[in-house]
Amino acid sequence: MQRNLLRILPLLLIAMIVHPLHAHVGSPDVYEQGNAGPYKLFVVLRPPAVIPGVAEIEVRSQTPGVDRIDITPIPLTGEASKHPPVADSMKRPSSDPQFFTGHLWIMATGSWQVRFTVSGSQGPGVLSIPLPATAMMTRRMQPGMGIMLGLLGVLLVVGLVGIVGAASREAQLAPGTNPPPARIQRSYVVMAITLVILIGAVYYGNKWWGAEAANYSNYIYKPLRMDASLQAGNVLDLKLTDPGWLKQRKLDDFIPDHDHLMHLYLIRWPGMGVVFHLHPDQVGTGDFRLTLPTVPAGDYHLYADVVHATGFPETLVSSIKLPYVAGRSLQGDDAEGTAGPLKWNGDGTQTSNSYKLPDGYTMVWKKPANLTAKTPEEFSFTLLDAKGQPAQDMALYMGMTGHAAFVKTDGSVFAHIHPAGSAAMSAMMMAQSQNQAEASASQAPAMSMSSMPGMNMSQPSLPNVVSFPYGFPTAGSYRIFIQMKHGETVETGTFDADVSN
Ligand SMILES: [Cu+2]
């Protein structure tokens with residue numbers, strides 16, 4: 001029995017490590033839309049609350065005729081990615097024929113993908129969505145449970161001392177006879193020795209438990225640490241260090257994600273009235289540098305998105321107090337936005353659903369009547385020219401029709417979202433290229449990058465509308481920064497959202 005307990009305890013400990021993390025901050029669920037062959041799917045992946053644990057999966061097909069969807073969890077890279085396990089099939093939980101749910105066991109921390117194999121009236125199709133899964137903290141034992149287990153433990157110790165005492169006193173007596181005083185004396189000695197041994201066992205058991213817990217805490221996700229400093233008046237230096245996590249994590253294996261190794265959002269705090277989207281260069285291992293544009297003075301929160309070679313994305317967080325920086329003008333993919341400060345911080349006002357841009361253009365949010373946490377939603381924005389007509393000169397901004405950042409006003413959530421969704425673009429590309437490679441063998445048409453939402457390069461003119469699939473992780477107040485490009489101008493619109501439970 002005790003040996004079994006010893007075997008089970010480490011598993012229990014693993015199960016107590018909870019909260020997976022995504023590329024973003026505080027926003028672990030993946031919202032993504034893509035094409036599985038002829039079928040357009042809106043996918044929600046909710047990573048497990050424990051590792052190993054169960055990922056909850058929802059799919060809404062926007063194309064009718066889907067008969068069956070099979071799901072498989074596969075590592076995104078490495079040898080194991082070529083040997084997928086047997087697929088599970090998704091269920092239709094309601095009478096809605098286009099809504100499917102399912103769940104998958106995710107057995108280890110790391111960079112995963114979920115492959116959706118679809119069959120239906122228009123033939124087969126396949127789509128893969130990246131799923132970074134990792135544990136973020138240890139769940140503490142609930143006080144009630146602790147007290148109950150403690151009392152049971154005391155009962156066990158007292159009971160065992162009593163049993164040993166009774167055994168040494170009476171085991172060799174004939175039934176019905178009273179123990180002589182010498183035996184009673186001896187039983188007290190035996191009970192005292194037993195108690196000492198048991199206290200020792202509890203003490204060392206606790207030490208062993210602590211060592212196991214410390215061991216497993218190594219698997220709890222700790223993002224790379226980023227320290228920001230201002231050098232030579234206008235150079236922002238970002239030093240990355242590893243606070244210790246999985247040994248596989250490296251500081252020199254970043255891959256470009258939509259054209260850049262790092263996407264840095266610089267947001268003035270707490271008003272969130274100034275935002276920059278900039279792209280520091282890697283100048284050495286774990287060292288990124290950027291010559292700043294002109295930046296107003298203030299306290300800034302820094303959110304830096306990077307992606308490792310495994311397709312594992314991280315968002316690094318830091319802050320810096322900046323004086324007024326007289327820098328260069330904006331260039332390349334740089335973008336800047338200014339808005340009124342948040343109404344939640346003093347006397348600012350909440351932005352309306354129609355945001356007036358500095359060059360006379362207007363960005364309009366088709367805002368849903370109600371926004372609730374954890375609900376998949378399409379956030380749709382339209383760009384109008386100075387005359388209020390649909391903007392005609394739309395351009396791609398870093399290869400896409402738009403970029404969005406959803407930031408909670410208490411700083412606990414930051415999510416950088418694209419028209420295809422919340423997965424890192426480079427991880428998305430890895431997953432799709434595997435499907436492309438296997439497509440010829442399996443006959444199932446896979447999605448090409450140019451058919452991903454918001455990346456359609458083949459269209460002669462780009463739409464003036466962009467939509468982002470996303471769901472707020474928690475209730476509260478958020479500010480949303482939307483970037484669209486027309487001509488040579490990158491526009492940054494600012495919108496506020498109150499999200500209920
Ligand atoms: Cu982006």
Side-chain angles (χ1 to χ4, degrees), residues 22-27 29-34 129-130 132 238 254-267 272 275-282 288 290 293 301-308 311-317 330-337 363 365 378-381 383 394-407 413-432 449-450 452-457 462-463 465-471 478-486 488-495:
H22 188 253
H24 315 291
V25 177
S27 187
D29 294 351
V30 177
Y31 297 85
E32 199 75 18
Q33 50 191 4
I129 306 291
L238 303 171
F254 299 122
I255 55 172
D257 188 21
H258 51 293
D259 304 347
H260 299 281
L261 284 179
M262 179 184 275
H263 292 260
L264 175 70
Y265 276 81
L266 203 62
I267 303 172
M272 301 169 88
V275 59
F276 288 89
H277 182 172
L278 304 167
H279 306 94
D281 291 319
Q282 188 173 237
F288 283 78
L290 171 78
H301 278 200
L302 278 59
Y303 298 94
D305 286 332
V306 291
V307 181
H308 292 278
F312 188 84
E314 294 197 74
T315 297
L316 319 180
V317 181
L330 292 179
Q331 51 192 235
D333 292 332
D334 293 348
E336 176 186 7
M363 205 183 282
W365 179 17
E378 282 207 55
F379 293 81
S380 180
F381 302 87
L383 191 63
M394 296 304 298
L396 291 173
Y397 178 41
M398 291 183 280
M400 284 173 273
T401 50
H403 297 248
F406 293 76
V407 192
V413 174
F414 171 87
H416 178 171
I417 310 295
H418 296 124
S422 61
M425 291 306 300
S426 43
M428 225 16 220
M429 290 185 190
M430 281 183 193
Q432 299 335 309
M449 285 319 286
S450 62
M452 278 178 67
M455 293 193 80
N456 197 337
M457 327 268 181
L462 291 164
V465 182
V466 61
S467 69
F468 303 92
Y470 185 61
Y478 290 78
R479 184 157 263 200
I480 308 170
F481 300 104
I482 302 297
Q483 300 186 304
M484 298 170 83
K485 189 172 178 181
H486 70 92
E488 289 301 309
T489 310
V490 181
E491 305 281 23
T492 302
T494 304
F495 303 90

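Both ligands and their constituent atoms are indexed starting at 1 by order of listing. From a predicted model like this one, the values you see are computed outputs, not experimental measurements. Count residues from 1 along the sequence. The figures here come from the full heavy-atom set of this structure, side chains too, leaving out hydrogens, waters and symmetry mates.
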Before giving the answer on side chain to side chain contact (heavy atoms under 4.5 Å, CB included), spell out for Y478 and V407 the whole-Å C-alpha distance, their side-chain angles and the decisive distance to 0.1 Å.
CA-CA 5 Å; Y478 290 78; V407 192; over 6 Å; no

How many N, O or S atoms of the protein are nearer than 2.8 Å to the Cu ion (ligand 1)?
4

Nearest 0.5 Å, please: how far is CG in L462 from CG in L383?
12.0 Å

Are the aromatic rings of F379 and F406 close, with centres under 6.0 Å apart?
yes

Assign the ring pair H416 / F414 to parallel, tilted or perpendicular, where the plane angle (0 to 90°) is split at 30° and 60°.
perpendicular

Using the side chain to side chain donor-acceptor pair (under 3.5 Å) criterion, which residues pair with H277? Sequence neighbours excluded.
H263, Y265, H279, Q483

What is the minimum heavy-atom distance between L264 and P280, and which atoms define it?
CB-CD, 3.8 Å

